[in-house]
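For reference, the structure discussed in these notes is given below.
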Amino acid sequence: RDQKYSILRFISWDAMHDKGHSGISEEVKYKALDRLLYYGHVFISAEGELPNSLEKYRLNIPLDRMHDALYFSELFFGESGTMATESALLGTPSVRVSTLSKLLGNFDELCNVYRLISFFDNGEEGLNRCVEILEDNKSKEKWKRKSREVFKEKDDVLCFLLDEVRRMENG
């Protein structure tokens, strides 16, 4: 917790909805590692195998601790829409590179209204945004504040479901 780190997330691109789309190039993956190491430790979460030179950076934690790792991270940079969203809502600056991002309207509000996620088709542009975020020592604080705003403005789904169950039970 007392050391700064970033999380890189690489997906396999094997899902049906990923066909014809791409994310961070191999070249930019290595550039990202080099540039982000300047700001602290870097851990990689990846589907499948990593090249031997990157394997030592693999995040080896139990799956149920992943949200803890995302929460305490200074930055999320990756290809996964799910983890980009989770990071952002946990108050962690989030940058996603995927040609699929702009096609999915469910991310629009987090990107354009709350400014919690940055989306890029190009890995170099995404990496530049990461550096910009990490150069600002108040980024993490800003993202936590923006994340809290989302939760203030949205309904609590659990409370909604409990109210519905109670209403159904009472006929």
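Bear in mind that the values here come from a model prediction, so they are computed numbers and not experimental data. Along the sequence shown, residues carry numbers from 1. Note: hydrogens, waters and symmetry copies are ignored here, and every other heavy atom, side chains too, is used.
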Q: Mind running side-chain contact (heavy atoms from CB on, under 4.5 Å) on Val95 and Phe119 for me, showing each step along the way?
A: CA-CA 6 Å; Val95 178; Phe119 293 115; over 6 Å; no
Q: For salt bridge (Lys or Arg N to Asp or Glu O under 4.0 Å), just list the numbers for Arg115 and Glu149, CA-CA rounded to whole Å, side-chain angles, deciding distance to a tenth of an Å, and then say yes or no.
A: CA-CA 11 Å; Arg115 305 276 188 235; Glu149 287 302 313; over 6 Å; no
Q | Which atom of Val97 lies closest to which atom of Gly126, heavy atoms considered | A | CG2-CA, 4.2 Å
Q. Would Lys140 count as a cation-pi partner of Trp143, with NZ or CZ less than 6.0 Å from the six-membered ring centre and within 45° of the ring normal?
A. no
Q: Tell me yes or no: between the side chains of Arg9 and Ser45, is some donor less than 3.5 Å from an acceptor?
A: yes
Q: Start with the C-alpha distance between Met83 and Phe76, add both sets of side-chain angles, then the distance that settles side-chain contact (heavy atoms from CB on, under 4.5 Å), and finish with yes or no.
A: CA-CA 8 Å; Met83 288 182 75; Phe76 170 85; 3.7 Å; yes
Q: Apply salt bridge (Lys or Arg N to Asp or Glu O under 4.0 Å) to Lys144 and Glu141, showing your working.
A: CA-CA 5 Å; Lys144 283 184 179 184; Glu141 181 182 314; over 6 Å; no
(Q) For a quick test of reading the model, state the closest non-hydrogen atom pair linking Thr92 to Glu74 and the distance between them. (A) CG2-C, 4.1 Å
(Q) Tell me if the aromatic rings of Tyr5 and Phe43 count as close, with their centers under 6.0 Å from one another. (A) yes
Q: Check the side chains of Ser53 and Tyr30 for a donor-acceptor pair under 3.5 angstrom, ignoring hydrogens and angles.
A: yes
Q) Within 45° of the ring axis of Tyr38 and under 6.0 Å from its six-membered ring centre, is that where the NZ or CZ of Lys4 lies? A) no
Q. Nearest heavy-atom pair of Gly123 and Phe77: which atoms, and what distance?
A. O-CZ, 4.0 Å
Q. Do you know the tightest heavy-atom contact between Ser147 and Leu116?
A. N-CD2, 3.9 Å
Q: Tell me, with the steps shown, if Glu169 and Arg166 meet salt bridge (Lys or Arg N to Asp or Glu O under 4.0 Å).
A: CA-CA 5 Å; Glu169 284 177 343; Arg166 287 182 192 115; over 6 Å; no
Q: Apply salt bridge (Lys or Arg N to Asp or Glu O under 4.0 Å) to the pair Lys31 and Glu27, showing each step before the final yes or no.
A: CA-CA 6 Å; Lys31 279 186 183 178; Glu27 177 186 352; 3.4 Å; yes
Q. Testing Leu75, Ile24, Leu59, Ile44 for side chain to side chain contact (heavy atoms under 4.5 Å, CB included) with Leu8, which one passes?
A. Ile44
